[in-house]
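Scope of the values below: all heavy atoms of this structure, side chains included, with no hydrogens, waters or symmetry mates. Letters A, B, ... are given to chains in the order of the sequence lines, protein chains preceding strands, and every chain is numbered from 1. Predicted model only: the values in this text are computed from it and were never measured.
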Amino acid sequence: MSSALNRREVVQQDEIAQFERMVEIREFEEQINGLFASGEIRGTTHLCLGQEALSVGLAAELRPTDIVMATYRGHGIALSLGLTPESVLGEIMGKTIGCCGGVGGSMHLCDMSVGLLPTSAIVGGGIPIAAGAALAFQTKGTDSVSVSVFGDGATNIGAFHEGLNLAAIWNLPVIFICDNNIYGEYSRIQTTTPIEDLHLRAESYNMPHFSLDGMDIHAVRKGVKEAVDRARNGGGPTLIEAKTYRFAGHSRADQALYRPVGELELWQTRDPIKVTQEDLIARGVFTAEQAEKIKTEMKSTIEGVVATCKASSEPTLASMFENIWTPKKVAHV
Amino acid sequence: MSSALNRREVVQQDEIAQFERMVEIREFEEQINGLFASGEIRGTTHLCLGQEALSVGLAAELRPTDIVMATYRGHGIALSLGLTPESVLGEIMGKTIGCCGGVGGSMHLCDMSVGLLPTSAIVGGGIPIAAGAALAFQTKGTDSVSVSVFGDGATNIGAFHEGLNLAAIWNLPVIFICDNNIYGEYSRIQTTTPIEDLHLRAESYNMPHFSLDGMDIHAVRKGVKEAVDRARNGGGPTLIEAKTYRFAGHSRADQALYRPVGELELWQTRDPIKVTQEDLIARGVFTAEQAEKIKTEMKSTIEGVVATCKASSEPTLASMFENIWTPKKVAHV
Amino acid sequence: MSAMRVRQAIVSALADEMRADSSVMVFGEDVAVAEGPFKTSEGLLAEFGSLRVRDTPISEMGFTGAAVGAAMLGMKPVVEIMFVEFLGVALDQLVTEAAKMRYLSNGALSVPMVVRASCGSGLGFGSQHSQTLENWFAATPGLKVVSISDAQSAYSLMRAAIQDPDPVMVLEPRILYAERGEVDLALQMEIGKARVLREGKEFTVVSLGQMVNVAREAIAVSGVDAELIDLATVVPWDRQTVLNSVKKTGRLAVVEEAPQSGGWGSEIVATATSQIFSHLKAAPFRITTPDVPVPYSGVLESRYVPTVEDVARQLKESLVSNQTPKTWWELEGLK
Amino acid sequence: MSAMRVRQAIVSALADEMRADSSVMVFGEDVAVAEGPFKTSEGLLAEFGSLRVRDTPISEMGFTGAAVGAAMLGMKPVVEIMFVEFLGVALDQLVTEAAKMRYLSNGALSVPMVVRASCGSGLGFGSQHSQTLENWFAATPGLKVVSISDAQSAYSLMRAAIQDPDPVMVLEPRILYAERGEVDLALQMEIGKARVLREGKEFTVVSLGQMVNVAREAIAVSGVDAELIDLATVVPWDRQTVLNSVKKTGRLAVVEEAPQSGGWGSEIVATATSQIFSHLKAAPFRITTPDVPVPYSGVLESRYVPTVEDVARQLKESLVSNQTPKTWWELEGLK
Ligand SMILES: Cc1ncc(C[n+]2csc(CCOP(=O)(O)OP(=O)(O)O)c2C)c(N)n1
Ligand SMILES: Cc1ncc(C[n+]2csc(CCOP(=O)(O)OP(=O)(O)O)c2C)c(N)n1
Ligand SMILES: [Mg+2]
Ligand SMILES: [Mg+2]
């Protein structure tokens with residue numbers, strides 16, 4: 001089981017590795033669905049099926065020393081940044097093998113070795129925090145950058161407004177990525193938000209902004225690179241709107257019956273894995289056979305992960321009492 | 001001592017009455033300064049010297065059945081809407097003659113007979129509340145409108161973002177008036193806000209918006225009328241930015257030494273009272289003598305008000321325990 | 001009497017109040033078209049229409065504040081906060097605005113609004129979605145706080161809260177939504193009145209929310225003849241009922257789903273001690289959760305809240321020893 | 001020893017910590033160029049520059065959240081909340097994010113941030129700017145809460161708070177800012193340790209913030225030989241010092257600037273009762289404010305908080321009668 005840092009290097013290697021990671025996320029999320037159905041996972045979960053290109057493209061453009069502050073919809077980002085499927089699934093199953101030892105759960109994934117801050121289950125909560133991480137980088141004079149990932153619905157909450165305004169006035173090295181999957185829970189965007197192109201809200205903060213095709217990993221990498229370069233070079237924050245689509249329901253229970261007929265199918269024609277696969281084949285990077293091989297192998301890999309996590313131990317009662325206070329004299333990270 | 005409602009009718013009568021009310025506010029605020037200096041008022045206060053045209057122009061265009069939600073900087077708005085100088089000064093002095101019986105204070109003025117909700121001392125706090133008043137009007141099907149008055153600094157707080165977005169998506173009959181006096185406490189706008197023309201933030205909510213000259217009562221009335229008409233006729237909310245200037249410091253203690261040299265003097269050349277007086281004389285509405293007479297008479301009137309308030313009784317201990325819970329069976333307003 | 005789930009009792013209370021009073025309206029995230037993330041507003045949009053039943057953006061500060069304004073202008077808004085933690089982005093509107101508006105209007109205004117929020121642990125939602133947080137609302141003159149414990153109180157307390165002329169915070173233990181219970185639609189519950197669910201002579205057990213069921217079972221298995229009181233209203237709480245019971249039994253235990261430090265139970269224990277000290281046969285005490293964030297793992301979360309076994313143990317022990325029992329984590333040498 | 005005002009003690013603590021540790025930074029509304037609305041950051045911008053001392057927009061949620069992020073990435077931010085009520089628009093970042101980040105990172109992270117907030121009544125700021133609100137922060141595992149009571153604790157507690165590896169809420173009674181006191185710059189105060197300000201045999205009086213002075217004077221005029229304890233840390237509070245004192249005196253009164261219902265004192269009274277019941281000669285009780293919003297009028301506000309006379313009366317009465325004294329408003333038949 002390779003380390004998170006190794007897995008991060010892998011995803012930055014080449015396009016095939018990135019395709020593989022997207023497939024890993026797809027398989028992973030499919031498995032989660034099954035485990036919920038069979039009652040092996042409790043609580044709730046928020047899948048990112050269909051949004052694999054965004055997280056993998058992001059991870060490919062960031063350094064492990066850069067920071068990402070994401071949300072409850074974080075499995076894909078965690079896996080992309082390098083967390084092992086065992087540490088993510090283990091956490092979702094509440095086992096000691098999980099990245100948070102089982103006390104955090106699906107909505108709270110973290111691994112500082114690859115720059116993933118604990119994902120927040122509060123909509124918008126992570127936005128000012130990401131600005132704060134950038135504030136630390138700016139004040140210390142490092143060239144690290146901070147990334148905040150949040151949804152379309154989050155652009156209607158106060159923390160979004162305050163976080164972006166603060167980042168702009170302080171010219172912080174932070175990239176705000178709005179993952180616009182057109183839905184906030186069961187509400188389609190036009191019922192909660194008077195504009196469609198959310199990146200335009202950056203105008204209120206005199207902040208550079210643009211939208212990109214979140215189903216296309218090339219577009220994602222290009223856009224992220226532009227914003228990251230600007231931030232690293234003292235150019236300040238950027239708001240990126242990634243146009244994506246949530247293939248699954250909002251969370252565990254949701255069948256997403258509220259979707260207009262044909263909407264899902266239309267977006268599925270632009271399934272990021274399908275699109276990437278066709279592109280790589282067309283460009284002769286790999287063959288259709290190799291692509292299929294990757295998928296079938298990944299399927300069994302993830303099945304192995306499930307077995308490993310099932311076999312992992314339950315946390316001890318003692319672990320519920322740990323990590324609340326920092327032991328005196330132990331300096332923080 | 002005429003009622004608040006009478007005083008409201010007066011300010012809606014003619015330009016001379018409006019000039020008189022502006023002079024009343026000016027005299028009133030000057031007196032407050034003195035009373036603080038002489039220690040006859042405790043706590044803090046926020047003067048609106050130089051911003052008289054905005055509050056009087058607003059009051060002239062609203063019906064008493066319309067609702068205004070304002071802030072701690074509310075003396076001028078209260079007097080404009082019709083509250084008597086006695087009820088406002090009395091409240092500031094903590095006397096029973098005050099509009100809140102002395103338990104509220106300078107930052108909390110209220111008189112529902114002329115539509116003034118209790119002013120809020122929380123920056124931005126009144127913005128969603130004003131939207132809510134408009135929600136009540138819309139749901140009940142009345143043609144009343146709601147007005148929210150707040151400062152430039154308030155446009156950086158979450159409640160502004162959420163309140164305007166909500167008003168826009170529900171098409172509520174509310175007028176948001178940003179009183180941009182260029183300062184939030186001791187900070188000039190460019191140190192806290194990346195844009196200068198705050199009305200542009202309405203673009204984030206697909207909401208009509210414009211700025212106007214807050215030193216010119218004609219401009220204020222014209223702009224307010226446009227927005228009020230739209231709201232009354234189902235056209236939804238508007239964001240108005242009134243360009244004004246705070247002649248005094250932020251609050252009691254503040255000498256405003258942080259202001260660029262000459263800035264105050266420049267704005268004083270556009271003193272709303274001076275401007276209106278010259279205009280009315282030029283248009284032959286009254287003579288210079290009449291104008292001066294109004295001022296001298298107002299001076300003694302307000303001195304009389306001060307005497308009345310000093311003579312008013314202190315609240316009883318019992319009053320501290322009243323008006324916390326609504327007596328059962330007593331329907332609310 | 002009719003049997004219904006707690007979530008249905010809430011729907012019924014909302015619907016009955018909306019039928020009785022056209023000024024009652026409901027809004028929140030996905031409460032209209034989707035009929036509520038927890039299906040607590042089923043059928044409301046269909047029956048009452050889109051003016052009175054509205055979906056909101058994800059803007060707790062915005063729509064809670066809108067409720068304050070609407071309430072002052074003649075409506076009776078009921079807003080839903082999906083998880084009580086989300087009031088962390090909106091508390092200002094409830095405790096600093098709504099609760100003080102009557103005071104600051106010299107009695108000219110009332111703010112007849114209700115904020116409903118699901119709360120509590122037990123479903124694996126993790127540490128940011130599983131608390132009860134009564135302490136956020138305590139010490140707020142002008143605000144009432146109630147918590148439901150079964151279908152009956154869900155129905156009756158909700159109706160009382162909506163009818164109340166002042167702002168009321170209604171806490172709804174999420175884990176109870178699917179629970180069934182008998183509901184007498186004619187039964188009225190008054191805000192500020194506790195419910196005596198079991199009479200007893202040996203002990204007074206005060207509980208709230210999802211802990212009421214735990215306390216009931218614990219009393220049964222313990223064999224202690226305890227009087228079980230569902231406090232129902234946390235602010236202003238029913239001093240008379242609780243103190244009279246303790247005068248009778250001489251013993252008080254509070255069973256609460258809140259951390260050992262700073263939970264609502266301290267108010268009950270402190271007041272009972274100060275007011276009727278001479279009637280006490282033993283020290284009143286609290287049975288609480290440990291001072292830890294709510295853990296995710298089912299194994300841990302099931303031990304986070306007081307369990308039937310542990311409550312029964314503590315009741316029996318103190319009855320015998322007259323001493324305050326140790327907590328389970330002290331016994332297990334944890335922390 | 002040097003005499004300084006409380007506000008200067010705060011400035012000194014901030015400056016000394018910034019000199020000792022380059023990761024300490026300060027931001028808030030008008031704290032840099034204007035040196036603080038209450039002049040509690042005088043000279044900081046000049047000495048430490050605009051990277052480490054920053055003015056913020058009016059965005060409590062934004063900059064409190066920024067402190068959480070900066071703290072996790074190696075800085076030690078100290079943010080100023082001008083009036084504690086303003087945390088009503090930012091509480092989420094402190095109690096739902098900062099306090100839980102270590103838990104949710106499996107111990108990988110710490111959040112060494114300090115939130116300073118002025119609080120309390122007495123200056124005529126009205127009901128939205130005069131509360132203490134300890135209850136908002138109680139029951140939050142992962143968050144520490146302290147309150148200063150004089151220049152010495154302003155200096156020593158502030159330094160301890162900044163050095164602390166976890167989030168600390170520092171409450172600063174506004175009315176004390178201008179008060180002078182002797183400060184021993186070498187004296188260290190530990191978070192979680194109470195201060196025994198006066199030894200006594202007859203009574204234990206626990207107080208906090210601006211009430212400490214009131215309690216001290218009240219003890220003097222009452223002639224009661226009371227032990228005066230400045231709790232200093234509200235969470236986690238110093239059980240050992242308080243309980244040992246009560247074991248010695250057998251009597252406990254808490255003097256607090258918080259409403260009768262739901263204030264922090266209930267935690268002290270409840271715990272003392274549960275843990276050392278047999279040592280009690282009389283019922284522990286609280287001396288609090290009435291359950292009302294803070295009134296503006298000076299006549300009323302001066303009676304809102306416990307007064308020297310009233311505290312003295314209650315101490316003497318209970319010493320004689322062993323009963324919990326009536327409140328002044330009960331005696332005057334109010335409410
Ligand atoms: C402050 C707050 N309000 C509400 C919620 C409940 N909630 C969780 S996810 C969600 C929808 C968020 O939509 P969006 O921002 O578009 O992100 P997505 O789920 O689509 O990725 C809501 C309302 C929350 N977690 N926090
Ligand atoms: C939430 C909140 N934060 C901070 C304050 C302190 N405060 C009172 S007035 C003020 C400045 C507001 O500036 P602006 O919005 O421009 O209004 P103005 O005072 O200029 O009329 C501040 C920061 C407050 N009352 N509420
Ligand atoms: Mg979305
Ligand atoms: Mg301003």
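Between C/Thr140 atom OG1 and B/Ile324 atom CD1 the span is 12.0 Å, to the nearest 0.5 Å. If you take CG on C/Leu104 and SG on B/Cys100, they are separated by 5.5 Å, rounding to the nearest 0.5 Å. Rounded to the nearest 0.5 angstrom, B/Leu117 CG and C/Ser105 OG are separated by 9.0 Å. Note that the SG atom of B/Cys99 and the CG atom of C/Asn106 stand 8.0 Å from one another [nearest 0.5 Å].
For a residue to count as touching a neighbouring chain, one of its non-hydrogen atoms must lie under 4.5 Å from one of that chain's; by this rule B/Met107 does not touch chain C. Of the two parts of C/Glu60, only the backbone, made up of N, CA, C and O, holds a non-hydrogen atom closer than 4.5 Å to a non-hydrogen atom of chain B. For a residue to count as touching a neighbouring chain, one of its non-hydrogen atoms must lie under 4.5 Å from one of that chain's; by this rule C/Phe63 touches chain B with backbone and side chain alike. Interface remark: C/Thr96 contributes side-chain atoms only to the contact with chain B (heavy atom separation under 4.5 Å). Using a 4.5 Å cut-off between heavy atoms, B/Leu109 does not touch chain C at all.
Between B/Pro118 and C/Leu109, the shortest heavy-atom contact is CD-CD1, 3.4 Å. Minimum heavy-atom separation, C/Ala108 to B/Met112: CB-CG, 4.5 Å. The heavy-atom pair separating C/Arg102 from B/Trp325 by the smallest distance is NE-O, 3.3 Å. Closest non-hydrogen pair, B/Thr326 versus C/Ser110, comes out as OG1-OG, 2.7 Å.
Here B/Arg230 pairs with B/Glu226 under the salt bridge (Lys or Arg N to Asp or Glu O under 4.0 Å) rule; sequence neighbours left out. With sequence neighbours excluded, the residues that form a side chain to side chain contact (heavy atoms under 4.5 Å, CB included) with C/Thr132 are C/Cys119, C/Glu134, C/Glu257, C/Ala258.
Residues B/Glu162 and C/Pro57 form no side-chain contact, since every pair of their non-hydrogen atoms from C-beta on lies 4.5 Å or further apart.
Residues of residues 128-142 of chain B that come closer than 4.5 Å to chain C, counting heavy atoms only, are B/Pro128, B/Ile129, B/Gly132, B/Ala133, B/Leu135, B/Ala136, B/Phe137, B/Gln138, B/Thr139, B/Lys140, ordered by residue number. Chain C is approached within less than 4.5 Å, heavy atom to heavy atom, by B/Asn165, B/Leu166, B/Ile169, B/Trp170 from residues 163-170 of chain B, ordered by number.
Checked by atom type and distance alone, the side chain of C/Tyr103 never pairs as donor or acceptor with a backbone atom of B/Phe321 at under 3.5 Å. Side-chain N or O atoms of C/Glu97 include none that pairs as donor or acceptor with a backbone N or O of B/Ser120 at under 3.5 Å.
Contacts with chain B were tallied for C/Lys100, C/Met101, C/Met61; C/Met61 has the most, counting heavy-atom pairs under 4.5 Å. Per-residue heavy-atom pair counts under 4.5 Å with chain C were compared for B/Gly125, B/Ser146, B/Ala159, and the maximum is reached by B/Gly125.
Residue-environment remark: CD (C/Glu47) exceeds the threshold of 12 foreign heavy atoms within 6.0 Å.
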